[in-house]
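Take a look at the structure set out below.
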Amino acid sequence: MKTQVIMQQLAAKHPGEAEYLQAVQEVLESIEDVYNQHPEFEAAKIVEQMVEPDRIFTFRVNWVNDAGEVCNNLGYRVQFNSAIGPYKGGLRFHRAVTPSMLKFLGFEQTFKNALTTLPMGGAKGGSDFDPVGKSDAEIMRFCQAFMLELWQCIGPDQDVPAGDVGVGGREIGFLNGMYQKLARRYHTGVLTGKGMTWGGSILRPEATGFGALYFTQHLLHKAGKDIKGKKVAISGFGNVAWGAAIKATELGAKVVAISGPDGVCHIPEGITKPMIDYMLVMRASNRNRVQDMSDKFPESALFTAGKKAWSVPCDIALPCAFQNELSLDDAKELIANGCWCCCEVSNMGCQPDAIHHFQHNGILFAPGKAVNAGGVATSGLEMTQNAQHLNWKAEEVDQRLHQIMESIHEQCVRFGTQPDGHVDYVKGANIAGFMKVAQAMLEQGIV
Ligand code: GLU
């Protein structure tokens, strides 16, 4: 395989799809050596098949806002790959959503889901609907209009959406309500991230953040380090940041920063339980302002406008917000301030040159598709509970999540250990995910 040739062909076919091309390039670079040892992959053109989604649904979503005005949005579902199980992945509601963004996320999801050890294919969907400033009633009307188009493309053995940026428990509720009404048959497992009284799994809301910290613990352990007493900077204040803040604090670390599009809150003494609880209020308000934390806790949370979480000195950086949120300059600033570990929790949270800079400077780095897989893994556990018509207890879900994160770490070590003994987690995660999906595709023929 010649990565450059495939990339040139792909760029010519999909001009301007920057995030998608970035995600593909990262994976192809990592797997090139392994791929070339498997002529059967080359013969079946596995890579050429794998980089394109199976199909993309695009639809118009019309709804009426509180002022009585008609609003138009676009909705999408990218069904990327179903070689190892039904399509699975979140829905993102954000004003910047484009097909390129959802293709990159669906591509990443395919490898991530393969790493979880559970039988799930990869998908992603969403809309350019902007939840910022919207009322609950507007969110409900939008979700209903969105589901009116989506419902025929999804199902428990077909495609199982969940949350992502801008889509949490409230939105999954509105989406599920409309789905059940349209289907006229109760399919418990058609969405994950559901409420506890209607088929949701305990710990699903916390799972992405908890899983990320379990992974970080394994990574630190392997490097002979401990998380206790370490300063952790977290970007964002949404669901993922919230779960990460809970678990980091529980494990004895000090969360010294959270951030938002408006700036950063520096929390010198470490985040407290009331502050973590307040993150949920901030998310539900749809204001998208982290300054609200320092308005509420002016003594402990010091707000600086226009700055990122990476300006706060820390040991461990956890990007938990959006793709490409951590640039080369941010990486340099982090290192200059003493940071020695970065576990990417957001999908593709670090820009490629930031990752290279971390790696060249001996910073422990692990990619989102390994670190954040606990979220979709627990979605997989929710699907299993739904199929069994059972609810497991928190201990059981947490124990399985632990095992899954440990197994993902092991896969990274197995496929990413370099001749000098250090672990390249980017390579490890990409090769492990790729090998599983490629093998499954090969065994099922050209379809
Ligand atoms: N959106 C999450 C992710 O990026 C979760 C997807 C899911 O639970 O299906 O993995």
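Values below: every heavy atom of this structure, side chains too, minus hydrogens, waters and symmetry copies. First listed ligand is number 1; within each ligand, the first listed atom is number 1.
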What atoms in ligand 1 come closer than 4.0 Å to a heavy atom of [X]?
X: G89; value: 9 (O)
X: N347; value: 4 (O)
X: A162; value: 7 (C), 8 (O), 9 (O)
X: D164; value: 1 (N), 2 (C), 4 (O)
X: K124; value: 1 (N), 3 (C), 4 (O)

Quiz item: Can you tell me how far the CG atom of L318 sits from the SG atom of C341, to the nearest 0.5 Å?
Solution: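 One finds 7.5 Å between CG of L318 and SG of C341.
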With under 30° as parallel and over 60° as perpendicular, where do the rings of [X] and [Y] fit, or are they tilted in between?
X: W63; Y: F142; answer: perpendicular
X: Y20; Y: H14; answer: perpendicular
X: F358; Y: F365; answer: parallel

Exercise. From the options K369, K88, K112, select the one whose nearest heavy atom is closest to atom 4 (O) of ligand 1.
Key: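 Minimum heavy-atom distance to atom 4 (O) of ligand 1 goes to K112.
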Self-check item: The one among M120, Q109, R204 that brings a heavy atom closest to atom 5 (C) of ligand 1
Solution: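 The option holding the nearest heavy atom is R204.
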Quiz item: In the protein, what heavy atom is nearest to atom 8 (O) of ligand 1, and what distance, to one decimal place, separates them?
Solution: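 Here the nearest protein heavy atom works out to S379 OG, 2.5 Å.
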Quiz item: Nearest protein heavy-atom contact for atom 6 (C) of ligand 1: which residue, which atom, what distance?
Solution: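 Checking every protein heavy atom, the shortest distance to atom 6 (C) of ligand 1 gives G90 N, 3.6 Å.
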Quiz item: Is it true that D164 and K124 make a salt bridge, defined as a side-chain N closer than 4.0 Å to a carboxylate O?
Solution: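 Yes, D164 and K124 are salt-bridged.
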Practice problem: Look at atom NE2 of H221 and say whether more than 12 heavy atoms of other residues, nucleotides or ligands are closer to it than 6.0 Å. | Solution: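 It does not: H221 NE2 has 12 such atoms or fewer within range.
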Quiz item: Got a sec: does the NZ of K307 have more than 12 other heavy atoms crowding it under 6.0 Å?
Solution: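 It does not: K307 NZ has 12 such atoms or fewer within range.
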Quiz prompt | Ring center gap for Y76 and F59 short of 6.0 angstrom | solution =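 Centroid distance Y76-F59: not below 6.0 Å, so no.
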Quiz item: Looking only at heavy atoms of G193, does any of them come nearer than 4.0 Å to an atom of ligand 1?
Solution: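 For ligand 1, residue contact (heavy atoms, under 4.0 Å) with G193 is absent.
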Quiz item: Do V160 and ligand 1 have an N or O pair less than 3.5 Å apart?
Solution: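 N/O-N/O distance under 3.5 Å: no.
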